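Okay, structure first, notes after.
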Amino acid sequence: MAKLLNIAANSLKGRNFTVMTGKVMRRFSERGNESQKQTITAWCKQHQEPLEPFLKNLDPALFEETEKTCTQIKQKAQQKLSALGMDLGGGGNYPLLYFFTRYLKPQNILETGVAAGWSSQAILTALKTNDQNAHLYSSDFPYFRYKNPEKLVGYIVDDSLKTNWTLMIDGDENNIPALLKALKPGKIDLFHYDSDKSYAGRENAYKAVQPALNKNALIIYDDIQDNAHFMDWVAKENRPFKVFEFEGKYIGLTGTIPA
C-alpha cells in the first residue's frame, strides 16, 4: 500500500504524470511476443564477443586499472546501498564506461538512466583521473515507488565528484533538450543510453541527441536484448558495432569504435 501511495503522490509532482503516462503507453503499444524476443536474444548471442580481450588489446595497463578501480567502486556502492536498504536496481556496464572515459578522454559525455548511479560514479571517477575540464550530463526519471525519490537518483555518487556533473530528472524528453542547451563548447564525445527501454524511447532519444554528437563519438546502448531497436538500427544504417554481455544483459557499441 505504501508503494501505491508513493506512486500516486509522486506522479502529481511537476511533469511527472505526463512523462510516466508516455512511458506506460509506449511499453503497452510495444508488447512483443516471445518469438520476437527469442530472435533478438539469439542475434545478441550470435554477435557477442568477450569484453576482456577487446579491452586488453586496446590498453592492457588501463584494463588492469579499470579492474582495480571498479572493484573499489563496487565495494563502496554495495556498502552504501546495503545501509540504505532499498532496491535501486542495477547499473550499466560501468567498467566499460570507466575504461572508455579514461581511454578516449571525452570532453562532453551524455548518459540517460542514472538510478543508483553506478555508471555516473564510474564516469566521474574516470574524469577526475583524467584531470581535464570535462563534464558529464545525465538524464533520469526517479523511482516513484519510494518517498522523495529525487534524493535517491545517483545515490552512490561521491559528493567530491559532482563538480563536473549536471543531473536532470524530468525524463529524457524534457532533460535531453535542456542538457544540450547546457552543453559546454564542443559536442558529445560519448553517449550512453540506459533509460526508457521501449523501441520508441531509444529512437526518440537518439534523434534528439544526434545533432549534438561529435562525428567520432562512441555510442553505447544498454539492454539491447529488450527489443529490436539496436539490431534494426545498425542493420539499416550499416553501422559497425560490437555486442558484449554483462550480468545477464547485452550491451551494444556503435559509432567510432576503437580498434
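Predicted model, so just to flag it, every value in this text is computed and none were measured.
A salt bridge links D158 with K76: at least one charged nitrogen is closer than 4.0 Å to a carboxylate oxygen. E237 and R239 are joined by a salt bridge, as a carboxylate oxygen and a charged side-chain nitrogen come within less than 4.0 angstrom of each other. The pair D59-K56 fails the salt-bridge criterion, with no side-chain N (NZ, NE, NH1 or NH2) lying under 4.0 Å from an Asp/Glu carboxylate O. Contact check on K197 versus D223 returns a salt bridge, with a Lys/Arg side-chain nitrogen under 4.0 Å from an Asp/Glu carboxylate oxygen. Under 4.0 Å is where a charged nitrogen must lie from a carboxylate oxygen, and between D196 and R202 no such pair does.
The two atoms that bring W118 and K74 nearest to each other are CZ3-CA, 3.7 Å, heavy atoms only. Taking all atoms of both residues into account, the shortest heavy-atom contact from I73 to A122 is CD1-CA, 3.8 Å. Between I176 and A208 the shortest heavy-atom distance is CG2-CB, 3.8 Å. Residues N214 and N216 share a closest heavy-atom pair of OD1-N, 2.8 Å. Considering every non-hydrogen atom in both D222 and G92, the closest pair reads OD1-CA, 3.8 Å. Among all heavy-atom pairs drawn from N227 and Y199, the shortest one is ND2-N, 3.2 Å.
Counting only distance, with no hydrogens or angles, the side chain of T254 and the backbone of P240 share a donor-acceptor pair below 3.5 Å. N204 contributes a side-chain N or O that, together with a main-chain N or O of A200, makes up a donor-acceptor pair within less than 3.5 Å. In this structure, D140 contributes its side chain and I169 its backbone to no donor-acceptor pair below 3.5 Å. Looking only at distances, a side-chain donor or acceptor of D189 sits under 3.5 Å from a matching main-chain atom of N108. Using modelled atom types, one side-chain atom of K105 and one backbone atom of R102 make a donor-acceptor pair closer than 3.5 Å. In this structure a side-chain-to-backbone donor-acceptor pair under 3.5 Å is missing from N164 to L124. Here the side chain of Q36 pairs no donor or acceptor atom with the backbone of T39 at under 3.5 angstrom. Listed for the K187 side chain is a donor-acceptor partner under 3.5 Å among the backbone atoms of P211.
No option in D194, D172, T112 other than D172 meets the side chain to side chain donor-acceptor pair (under 3.5 Å) test with S139.
Between H192 and L218, every side-chain heavy-atom pair lies at or beyond the 4.5 Å cut-off. A 4.5 Å side-chain heavy-atom check between L96 and I251 finds at least one atom pair inside the cut-off. Side-chain contact check for S195 versus F141: every heavy-atom pair is 4.5 Å or farther apart. Using a 4.5 Å heavy-atom cutoff, the side chains of L84 and M86 are in contact. Side-chain contact between V157 and L167: absent, with no pair of heavy atoms (C-beta onward) separated by less than 4.5 Å. Contact of the F246 side chain with the P95 side chain is registered, since non-hydrogen atoms from C-beta on lie closer than 4.5 Å.
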For this session: Start with the C-alpha gap between W233 and F241, add the side-chain angles, then the distance that decides, and say whether ring-ring contact (aromatic ring centres under 6.0 Å, His included) holds.
Result: CA-CA 10 Å; W233 184 39; F241 69 93; over 10 Å; no
For this session: Kindly indicate, with the supporting measurements, whether the criterion side-chain contact (heavy atoms from CB on, under 4.5 Å) is fulfilled by Y250 and Y221.
Result: CA-CA 9 Å; Y250 291 97; Y221 269 80; over 6 Å; no
For this session: Assess whether side-chain contact (heavy atoms from CB on, under 4.5 Å) is satisfied between V114 and E111, documenting all intermediate values.
Result: CA-CA 8 Å; V114 176; E111 69 166 344; 3.9 Å; yes
Problem set entry | Verdict with reasoning, I219 to L253, per side-chain contact (heavy atoms from CB on, under 4.5 Å) | CA-CA 6 Å; I219 302 168; L253 268 67; over 6 Å; no
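Following chains of ILVMFWY side-chain contacts shorter than 4.5 Å, one cannot reach L104 starting from Y98, and the two form parts of different hydrophobic clusters.
Note that the CZ atom of F191 and the CD1 atom of I188 stand 7.5 Å from one another [nearest 0.5 Å].
Aromatic ring centroids of H229 and Y206 lie 6.0 Å or more apart. Note: F244 and F54 meet the aromatic proximity criterion, with ring centroids under 6.0 Å apart.
Counting heavy-atom neighbours within 6.0 Å of E64 CD, excluding the residue itself, gives a total of 12 or less. Within 6.0 Å of the NZ atom in K45, the count of heavy atoms belonging to other residues, nucleotides or ligands does not exceed 12.
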